[in-house]
Amino acid sequence: MAALNLTLSDPSTFMLTGIDGLEIVHIWISIAFSTFYIISLFGNVTVLFVVGKEQTLHKPMYLLICMLVLTDIGTSTCIVPKALCIFWFNLKGITVCGCLTQMFFLHVATTMHSAILATMAFDCYIAICNPLRFAIILTNVRIAKLGLMGLIRAVLFILPQPLLLTRQPFCANHIIPHTYCDHMAVVKMSCGNTTFDGIYGLVVAFIVIESDLTLIVLSYGLTIRAVLRISSKTAHQKALNTCTAHICVMLMSYTPFLFTSMTHRFGQDIAPHVHIILANLNSLVPPMLNPIIYGVKTKELRDKVSKYTSRS
């Protein structure tokens, strides 16, 4: 308890260095970051606005898209503002409490994002394999409950990470070679025994990814098998269009996340600035592209967005 009080009352701060070795091009990197962020905000807010205004879009699939949009906004907002403060104003300091708070909300958003992708895969499976019972199985209320369960799961899994770190003594050198407070980056700042912290983070990542990916692979496997059995070419194409957007978003989200996570833990030979750039792109590019994918691949949403665009 004394260690906890000492850590929390410590007025010292961590120093986020940005992207080590690329300080000379920080301003150019900041232009890319801010551009990605603005496009992401515009696209995601547009989707939220259109779905909220159109009663015909108040369906389970679009409710899930809105949940995904909110996690995308949360993920990028946790990272970009502080990164731009580093790049533009050299404001590298962040309090220990602020660092742990940023880490908590960032990992809650990414864990929630994974749960929503798994729910989308299940939604696609029911829509194609059991369409007659779709309206009964997946109602808006049930989707909202699944979203709440995903949020509760994320908080319960992630909350111990910052709580455990508050009990750790941090070294005199408070420099974090990153643009944001990632869990493993903060763990490495401790002078104490962080074996349990590292194992817990790895176990949580494995449980979340393993359970969600298992459901996703199983759902899409059964869905693709059902699609291949459809004899009508029109029905076959319609079934494919139903899930293409979900599959694209899932691949775009999990592939860079898994690569970044593995290289961060096991890719010691990779240059540090490559780790940092990949981690930031993983949090910036999917939120920027997801609204575009849904806008292009989902006709009903595309038509509604076009209606508001033509009005303006």
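Hydrogens, waters and symmetry mates are skipped; everything else that's a heavy atom, side chains included, is used.
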Geometric class of the Phe170/His174 ring pair [parallel <30°, tilted 30-60°, perpendicular >60°]:
perpendicular

Measure up the His26 and Phe87 rings against each other and bin them: parallel (under 30°), tilted (30 to 60°), perpendicular (over 60°).
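Tilted: the ring planes of His26 and Phe87 meet at 30° to 60°.
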
Would you check if the side chain of [X] reaches a backbone N or O of [Y] as a donor-acceptor pair within less than 3.5 Å?
X	Y	answer
Ser219	Ile216	no
Thr166	Leu163	yes
Thr17	Asp20	no
Ser114	Thr110	no
His58	Val51	yes
Asn290	Val69	no
Thr139	Ala135	no
Asn280	Ile276	yes
Ser190	Val187	no

Out of curiosity, [X] [atom1] to [Y] [atom2], how far, rounded to the nearest 0.5 Å?
X	Y	atom1	atom2	value
Cys181	Leu100	SG	CG	7.5 Å
Met120	Leu64	CE	CG	5.0 Å
Met184	His178	CE	NE2	11.5 Å
Cys66	Ile116	SG	CD1	10.5 Å

Are [Y] and [X] connected into the same hydrophobic cluster when the rule is that any two of I, L, V, M, F, W, Y join if their side-chain heavy atoms are below 4.5 Å apart?
X	Y	answer
Leu215	Leu151	no
Leu117	Ile152	no
Met67	Leu148	no
Ile292	Phe42	no
Val141	Leu57	no

Heavy atoms only: give me the nearest [X]-[Y] pair and the separation to one decimal.
X	Y	value
Ile86	Leu91	CG1-O, 3.6 Å
Phe33	Val80	O-CG1, 4.5 Å
Cys78	Gln102	O-NE2, 2.7 Å
Pro160	Val155	CD-O, 4.4 Å
Leu281	Pro286	O-CD, 3.5 Å
Arg153	Asp212	NH2-OD2, 2.9 Å

Check: [Y] and [X] side chains under 4.5 Å, non-hydrogen atoms:
X	Y	value
Gln161	Tyr200	yes
Leu84	Phe89	no
Pro162	Thr101	no
Val208	Val204	yes
Glu210	Thr214	yes
Thr194	Lys188	no
Ile277	Leu22	yes
Phe157	Ile207	yes

Quick one, Arg142 with Asp123, criterion salt bridge (Lys or Arg N to Asp or Glu O under 4.0 Å). Give me CA distance, side-chain angles, the key distance, then yes/no.
CA-CA 11 Å; Arg142 190 159 290 168; Asp123 170 86; over 6 Å; no

Using a strict 4.0 Å threshold on nitrogen-to-oxygen distance, state whether Asp303 and Lys299 make a salt bridge.
yes

Above 12 or not: heavy atoms from other molecules or residues under 6.0 Å from [atom1] of [X]?
X	atom1	value
Phe134	CZ	yes
Tyr125	OH	no
Ile24	CD1	no

Can you run down the side-chain hydrogen bond (donor to acceptor under 3.5 Å, both in side chains) pairs that involve residues 35-47, sequence neighbours left out, and say none if there aren't any?
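The answer is Tyr37-Thr77, Ser40-Asn44.
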
Could you walk me through whether Thr56 and Lys304 pass side chain to side chain contact (heavy atoms under 4.5 Å, CB included), step by step?
CA-CA 10 Å; Thr56 57; Lys304 298 301 182 183; 3.4 Å; yes

Is Ile38 isolated, or which residues cluster with it under the ILVMFWY side-chain rule of less than 4.5 Å, directly or via members?
none

Under the rule for side chain to side chain donor-acceptor pair (under 3.5 Å), what residues qualify as partners of Asp197, not counting sequence neighbours?
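With neighbours one apart ignored, the set is Gln168.
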
Answer with yes or no whether the side chains of Glu300 and Tyr62 bring together a donor and an acceptor at under 3.5 Å.
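Yes, side-chain donor-acceptor contact under 3.5 Å.
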
